[in-house]
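Structure first, commentary second.
Here is the naming used below: chain letters follow the sequence lines, and residue numbers restart at 1 for every chain.
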Number of protein chains: 2
Amino acid sequence: MVKEIENFRDYLAQIISMDKETFDIAIKYFEAEHFARNEYFVHEGQSCNRIAYISKGLFRIYYLKEGNEINTCFCKENSITSSFNSFINHIPSTETIQALEDSVVVTLSSENLGKLFRESDIWQTISRLLTEKECLRLSERAGLLSFETALEKYKNLLKNQPELIQRVPIQYIASYIGVSRETLSRIRAKIR
Amino acid sequence: MVKEIENFRDYLAQIISMDKETFDIAIKYFEAEHFARNEYFVHEGQSCNRIAYISKGLFRIYYLKEGNEINTCFCKENSITSSFNSFINHIPSTETIQALEDSVVVTLSSENLGKLFRESDIWQTISRLLTEKECLRLSERAGLLSFETALEKYKNLLKNQPELIQRVPIQYIASYIGVSRETLSRIRAKIR
DNA sequence: CAGTTCAATTGACATATGTCACAAAATTCA
DNA sequence: TGAATTTTGTGACATATGTCAATTGAACTG
């Protein structure tokens with residue numbers, strides 16, 4: 001089935017214009033994979049040697065802090081997910097990535113990405129642009145976490161990523177915005 | 001004076017190995033600049049069309065939130081500073097960058113960076129690697145800001161960037177770790 | 001060097017948020 | 001469908017932190 005590959009093509013087309021052939025040559029390096037709900041893309045401690053374009057579904061990234069799961073990111077369809085630090089620097093991942101819904105992804109191993117780098121400069125550029133996107137996301141998140149009240153942070157999320165509240169359990173949302181489960185629950189009661 | 005250019009060369013050498021000539025060709029695009037203490041590299045609202053390698057000195061990055069300055073980053077010698085989102089996407093900066101000490105930098109305009117991209121792939125790679133570094137820094141910062149007590153955050157800073165406490169006014173440190181000036185002051189009193 | 005401004009500290013107090021315990025609701029799965 | 005499990009919501013309470021005000025200390029300036 002090639003639908004997910006086509007989705008990936010469209011996704012990249014939004015980032016950079018690219019010859020059909022350039023992409024087609026790369027297809028051999030891609031791999032379609034299915035993740036059932038609750039399955040793991042990578043576990044903390046494992047090296048994450050591939051990146052995934054999410055064609056369908058939803059993942060969360062979290063790490064453990066004193067036994068509690070801290071969610072740092074929710075990655076939905078038509079975006080990229082990976083444990084970037086692990087992927088880039090070939091070190092064990094400090095975070096776990098888990099499917100929250102049945103998901104279909106297109107993966108690319110770091111080995112194959114290396115090959116693509118050698119085959120065409122465009123992959124180097126794509127990689128840079130995607131990294132820049134990730135940077136932007138992270139700085140927005142850092143801004144959100146500092147100096148906002150729990151209420152403001154939740155409203156902010158409602159504004160920027162309203163679907164998440166429908167698709168992600170509230171307990172996960174809580175740690176994502178840096179408040180306790182109970183506090184978030186009370187905030188939600190107040191807003192209604 | 002070329003000392004700051006040589007520092008920049010050494011800095012890049014740590015990131016990627018590079019022909020002497022490749023760097024030398026690029027030198028014509030670089031510009032050495034001095035910033036006196038309290039001078040601004042970029043103001044909020046301005047477009048930040050250049051990036052700076054800091055050969056000597058210290059800068060802070062901050063934005064205004066309800067009249068208060070929120071410091072998001074301190075950039076010291078032998079590192080890069082810029083308002084990245086503005087620089088990359090050619091949009092007005094949401095943040096201000098100010099010298100905290102007399103500083104000497106090597107700047108590169110986005111226009112000239114574009115030229116370098118066309119002259120040699122290596123600048124594309126360097127750009128990606130620097131962006132990846134920035135990503136890492138940001139995700140660490142996000143981790144620090146969420147789910148740490150004020151005390152933990154301060155201790156963390158002491159551990160990871162102890163010089164900052166010597167070089168940066170405490171009030172700036174406070175907003176950097178996301179606590180009030182007064183709270184930080186009390187924490188410091190307790191630790192001693 | 002005195003005077004002024006700015007930065008850091010400290011106290012008193014209000015409050016937002018975390019924690020623990022339990023109840024209610026929703027979801028899962030046999 | 002119904003029991004079991006998980007998730008969400010509430011209450012009571014403790015506490016960390018913010019806010020406002022006053023004080024002390026340091027740094028700059030003429």
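Rounded to an integer number of Å, the gap from A:Glu182 CD to C:dA23 P is 16 Å. Distance A:Ile187 CD1 to C:dT15 P: 17 Å, rounded to the nearest Å. Rounded to an integer number of Å, the gap from CG of A:Asn68 to P of D:dT7 is 14 Å. Put simply, NZ on A:Lys153 is 11 Å from C1' on C:dA16, counting in whole angstrom units. Residue B:Lys190 contributes atom NZ, which lies 15 Å from atom C1' of C:dT9 at whole-angstrom precision. Counting to the nearest Å, the P atom of C:dA16 and the CZ atom of A:Arg181 are 21 Å from each other. At whole-Å resolution of the value, CZ in B:Arg188 and P in D:dG25 are 16 Å apart. In this structure, A:Glu148 places its CD atom 18 Å from P of D:dT17, rounding to the nearest Å.
For the pair A:Pro169 and B:Thr183, nearest-nucleotide mapping onto DNA chain D gives the more 5' position to A:Pro169. Nearest-nucleotide mapping onto DNA chain D: of B:Thr149 and B:Arg37, the residue sitting toward the 5' end is B:Thr149. Where B:Arg186 and B:Val168 each meet DNA chain C at their nearest nucleotide, the meeting point lying more 5' is that of B:Val168.
For B:Phe35 and B:Phe59, the distance between ring centers is under 6.0 angstrom.
Both tests pass for A:Arg141 against the ring of A:Tyr176: distance under 6.0 Å to the centre and angle within 45° of the axis.
Comparing atom distances between the B:Gln171 side chain and each of C:dT10, C:dT19, C:dA8 picks out C:dA8 as nearest. In this structure, the nucleotide among C:dG18, D:dT8, C:dT17 sitting nearest to the side chain of A:Ser185 is D:dT8. The side chain of A:Ala150 lies closest to C:dT17, out of D:dT8, C:dT17, C:dT19. The side chain of B:Ile170 has C:dA8 as its nearest neighbour among C:dA8, D:dT7, C:dT10.
Looking at heavy atoms from C-beta onward, B:Asn71 lies in side-chain contact with B:Ser175 at the 4.5 angstrom threshold. Side-chain contact between A:Phe147 and A:Glu152 is absent, with no heavy-atom pair separated by less than 4.5 Å.
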Intermediate values then yes/no, side chain to side chain contact (heavy atoms under 4.5 Å, CB included), B:Asn160 and B:Glu140: CA-CA 11 Å; B:Asn160 297 322; B:Glu140 275 169 5; over 6 Å; no
